[in-house]
Number of protein chains: 2
Amino acid sequence: MPRAAIDVFAAIAEPQRRRILGALADGEQGVGQLVDRLGISQPLASKHLHVLRSVDLVHVRKQAQHRLYRLNHVALQPVRHWIGTFERYWQESFDRLEKHLQNLQQKDRHDSIN
Amino acid sequence: MPRAAIDVFAAIAEPQRRRILGALADGEQGVGQLVDRLGISQPLASKHLHVLRSVDLVHVRKQAQHRLYRLNHVALQPVRHWIGTFERYWQESFDRLEKHLQNLQQKDRHDSIN
DNA sequence: CCTATATATGAACCATTAGTTATATACAAG
DNA sequence: CTTGTATATAACTAATGGTTCATATATAGG
């Protein structure tokens, strides 16, 4: 139960959490599905999801007893941006990318993560 | 003295290490300069640099008693690539970027980091 | 209300690690 | 060879965090 102020960088530093995010890239999923796919214990999955939720990397949706988690790729922007500060060599391309990203964000409501 | 197998993600999860890399983005620097600029202790700087070196994020060059560290931005590619796997929405742009990156890598010998 | 299923949470354990202080190493200069 | 400067390393401390086991909460269905 990490109550410490963890940031996005620390969140994605954990291999299991990266695996979870990778699995969620295939679409919204419940805890049970993630447990089965990744072969980890249920409490561990819940706790990692809690961390990911604390940095807004995932969003939750209730459905009966299930909690359906879905990836929020926008929360990765701090990492993207930080890396961009070093890669000024291709900064021009990066700027184009950022612009494109902002456009995508605006119509990012009920988009197709599947 | 972290002898554990730390990866790039864990290396950049540490805020002080990100600050060090940020400082090195301005060009090659000695440990003393980093200590002054960042206001951290000398042993701490050396240890963080050791970690960064273990994942090839920095390269060292001896000059008299000094050790001059310089950023190796190419080592950030795993992070870039991993993030790219989620951001398939602008994948096309990303591919163009990757191509550009590979071109830059080839003429990355004694380039100008400053 | 009782049971089953799905998920979250608490407690305890153990490993890792950021940080400090003290000391060692490397090199240069006299 | 001694001194001074620059950096690395060792020993230690304290905090953090990943993991497991047990238990609690939530919801559905009889």
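Every chain is numbered from 1, with letters handed out A, B, ... down the list of sequences.
A:Leu71 and A:Ala25 get closest at one heavy-atom pair: CD2-CA, 4.3 Å.
Per the geometry, CZ belonging to A:Phe9 stands 19 Å off P belonging to C:dT17, to the nearest Å. Look at CD on B:Glu14: it is 11 Å from P on D:dG17, rounded to the nearest Å. Atom CG of A:Leu49 and atom P of D:dG17 are 17 Å apart (whole Å). Atom CD of B:Gln33 and atom C1' of D:dT5 are 14 Å apart (whole Å).
The shortest side-chain heavy-atom distance between A:Leu57 and A:Ile12 falls under the 4.5 Å cut-off.
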If you apply the rule side chain to side chain contact (heavy atoms under 4.5 Å, CB included), what do you find for B:Val35 with B:Ser41, and how did you get there? CA-CA 6 Å; B:Val35 166; B:Ser41 73; over 6 Å; no
Audit row: A:Gln16, A:Leu38, side chain to side chain contact (heavy atoms under 4.5 Å, CB included) steps and yes/no: CA-CA 9 Å; A:Gln16 302 277 34; A:Leu38 305 179; 5.6 Å; no
Distances under 3.5 Å between protein N/O atoms and the N/O atoms of nucleotides 20-22 of chain C, please, pair by pair.
residue: C:dT20; atom: OP2; partner: B:Ser41; partner atom: OG; Å: 3.2
residue: C:dT20; atom: O4; partner: B:Lys47; partner atom: NZ; Å: 3.0

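No donor-acceptor pair closer than 3.5 Å links the side chain of A:Asn72 to the backbone N or O of A:Val58. For B:Gln29 (side chain) and B:Gly27 (main-chain N/O), a donor-acceptor pair under 3.5 Å exists by modelled atom type.
Residue A:Gln16 places at least one side-chain N or O closer than 4.0 Å to OP1 or OP2 of D:dT19. OP1 or OP2 of D:dA8 sits under 4.0 Å from a side-chain N or O of B:Tyr69. In this model, the phosphate group of D:dG17 is not approached by any side-chain N or O of A:His48 to a distance below 4.0 Å at OP1 or OP2.
With sequence neighbours excluded, no residue forms a salt bridge (charged side-chain N to carboxylate O under 4.0 Å, His left out) with B:Arg19.
Across all strands, B:Arg17 comes closer than 4.0 Å only to sugar-phosphate atoms, never to a base (heavy-atom distances).
Remark: A:Gln65, A:His66, A:Arg67 in residues 61-68 of chain A come within less than 4.0 Å of DNA chain C through at least one heavy atom.
In this structure, B:Arg18 forms a cation-pi arrangement with A:Phe9, its terminal cationic atom sitting closer than 6.0 Å to the ring centre and no more than 45° off the ring axis.
Taking hydrophobic clusters as Ile, Leu, Val, Met, Phe, Trp and Tyr residues chained together by side-chain heavy-atom distances below 4.5 Å, A:Leu24 does not share a cluster with A:Leu68.
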